[in-house]
Every structure is written in C-alpha cells, then in structure tokens.
Amino acid sequence: TAVGEGGGVSAAGERPVTITDAEVTGNTGGGTYTVPETGEVLAGEGGAGGLYLGTGGASTISGGTVAGNVATGPGGGVVFGTTGSATVTDTVVRDNRTEAGGGGIENAGNRLTLRQVRVTGNRATLDGGGIESEGSGAFTIEETTVSGNQAENGGGLANGADGELR
C-alpha cells in the first residue's frame with residue numbers, strides 16, 4: 001500500500017525503465033497508512049494502484065500481469081505519466097479498479113503504445129473503465145483487446161487527450 005502513487009511499483013526519474021514478465025497484483029495506491037510511532041493515520045489520494053511510471057526515458061513493459069489493484073486517484077492498474085515514450089507489449093491488465101478514471105490504464109504521459117495487450121474486467125467510477133487517455137502525445141493501440149470494463153463514461157476507452165489516437 002502506498003499513500004501516494006504506485007501501490008506496487010513507483011518509478012520516476014530521467015532513466016528508462018524496463019519491466020519484463022512481472023506480476024503486479026493486489027496493491028493499493030492512495031490507501032491509508034498508520035504511522036507506528038505515533039498512531040497517526042495518513043489518508044492517501046494517490047493513483048496507480050499497481051504501477052506508476054513517471055520517467056523521462058523510454059520505458060517498456062513486456063509480458064506479465066497487472067491485476068487486482070485498487071486506487072483512490074486515477075489508474076487502478078497502471079498510470080503512465082512519462083515525458084518520454086512508453087510501450088506495453090504482450091501484457092494482461094485485468095480486474096483493477098479506481099474511484100477516479102482509468103480503471104486499468106491511465107495515460108497521462110507523452111507517447112504510449114499498447115501492442116497485444118488484454119485490458120479486461122477493470123472498473124472506474126468516472127471515465128475509462130479499461131483505459132482513460134489524457135496524454136499529450138500520440139497514443140497507439142495495436143492488436144489489443146479491450147473488453148468487459150465498466151465506467152460512467154467510456155466503459156472500454158475514454159479519450160480526452162489532445163494527442164493523436166491511432
């Protein structure tokens with residue numbers, strides 16, 4: 001559990017990040033945390049229940065699963081806040097949920113490509129049960145399945161970005 005971004009993994013900085021055949025499951029972003037020394041309870045508002053990528057370099061996720069993660073803020077499964085490019089290949093993003101937008105994937109970055117990705121069974125209270133795109137660069141979806149997701153708007157995909165959707 002993380003009070004801020006990235007319940008399972010949070011990667012920020014200028015270097016590229018490569019994640020291969022990883023299982024990121026059962027995490028919480030924006031959860032609560034009790035400070036052992038004082039008993040103070042910290043309530044979070046963070047997103048990215050499973051994985052937060054806020055890197056400047058080219059980032060890659062290939063293989064593996066992001067599943068069963070929960071977030072208070074955007075991105076139940078994964079948040080891409082990259083200023084560089086990010087590519088996701090042959091990965092399953094399933095059964096994640098958020099009280100905001102982007103139940104499975106929140107694209108808030110520059111350039112994102114999804115290739116042979118399965119985005120299924122995710123839920124968002126607001127927009128984009130499977131995917132919410134608010135990024136400023138090109139967003140490319142190739143040979144990808146988006147099914148069985150739920151949201152107030154855009155059960156599968158909500159595109160509110162100013163970048164190109166391909």
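Everything numeric in this text was worked out from a predicted model, so none of it was measured. Atom set for the values below is all heavy atoms of this structure, side chains included, hydrogens, waters and symmetry mates excluded.
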Are the side chains of [X] and [Y] in touch, meaning some heavy atoms are under 4.5 Å apart?
{"X": "Leu157", "Y": "Leu165", "answer": "yes"}
{"X": "Asp90", "Y": "Ser62", "answer": "no"}
{"X": "Ile105", "Y": "Leu114", "answer": "yes"}
{"X": "Val66", "Y": "Val92", "answer": "no"}
{"X": "Ile61", "Y": "Leu51", "answer": "yes"}
{"X": "Ile131", "Y": "Phe139", "answer": "yes"}
{"X": "Val79", "Y": "Leu53", "answer": "no"}

Residues forming a side-chain contact (heavy atoms from CB on, under 4.5 Å) with Thr120, sequence neighbours excluded: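 Listed in chain order: Arg94, Arg118, Ser147.
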Can you pull the side-chain hydrogen bond (donor to acceptor under 3.5 Å, both in side chains) pairs that have at least one residue in residues 104-113, sequence neighbours excluded?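 Sorted pair list: Asn107-Ser133.
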If you look only at pairs with a residue in residues 6-25, which of them pass as a side-chain hydrogen bond (donor to acceptor under 3.5 Å, both in side chains), with sequence neighbours excluded?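 Residue pairs passing side-chain hydrogen bond (donor to acceptor under 3.5 Å, both in side chains), neighbours aside: none found.
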Indicate yes or no for a side-chain donor-acceptor contact from [X] to the backbone of [Y] under 3.5 Å, with no hydrogens or angles considered.
{"X": "Thr82", "Y": "Gly109", "value": "no"}
{"X": "Thr125", "Y": "Ala100", "value": "no"}
{"X": "Asn122", "Y": "Val93", "value": "yes"}
{"X": "Asn69", "Y": "Gly77", "value": "no"}
{"X": "Asn149", "Y": "Gly121", "value": "yes"}

Give the cluster check for Val146 versus Leu112: same hydrophobic cluster or not, with ILVMFWY residues linked at side-chain heavy-atom distances below 4.5 Å.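 Same cluster: Val146 reaches Leu112 through Ile, Leu, Val, Met, Phe, Trp or Tyr contacts under 4.5 Å.
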If Ile, Leu, Val, Met, Phe, Trp and Tyr residues are connected whenever their side-chain heavy atoms lie under 4.5 Å apart, and connections chain through other members, are Phe80 and Val17 in the same group?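 Same cluster.
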What is the distance from atom [atom1] of [X] to atom [atom2] of [Y], rounded to the nearest 0.5 Å?
{"X": "Arg97", "Y": "Gln150", "atom1": "CZ", "atom2": "CD", "value": "12.0 Å"}
{"X": "Thr140", "Y": "Arg166", "atom1": "OG1", "atom2": "CZ", "value": "4.0 Å"}
{"X": "Asn153", "Y": "Glu132", "atom1": "CG", "atom2": "CD", "value": "9.5 Å"}

Might you work through the side-chain contact (heavy atoms from CB on, under 4.5 Å) test for Arg115 and Thr87, ending with a clear yes or no? CA-CA 8 Å; Arg115 184 176 298 118; Thr87 302; 3.8 Å; yes
List the atom of [X], the atom of [Y], and the distance in Å for their closest heavy-atom pair.
{"X": "Gly128", "Y": "Ala151", "result": "N-CB, 3.8 Å"}
{"X": "Ala71", "Y": "Gly49", "result": "CB-N, 3.6 Å"}
{"X": "Ala124", "Y": "Gly102", "result": "CB-N, 3.9 Å"}

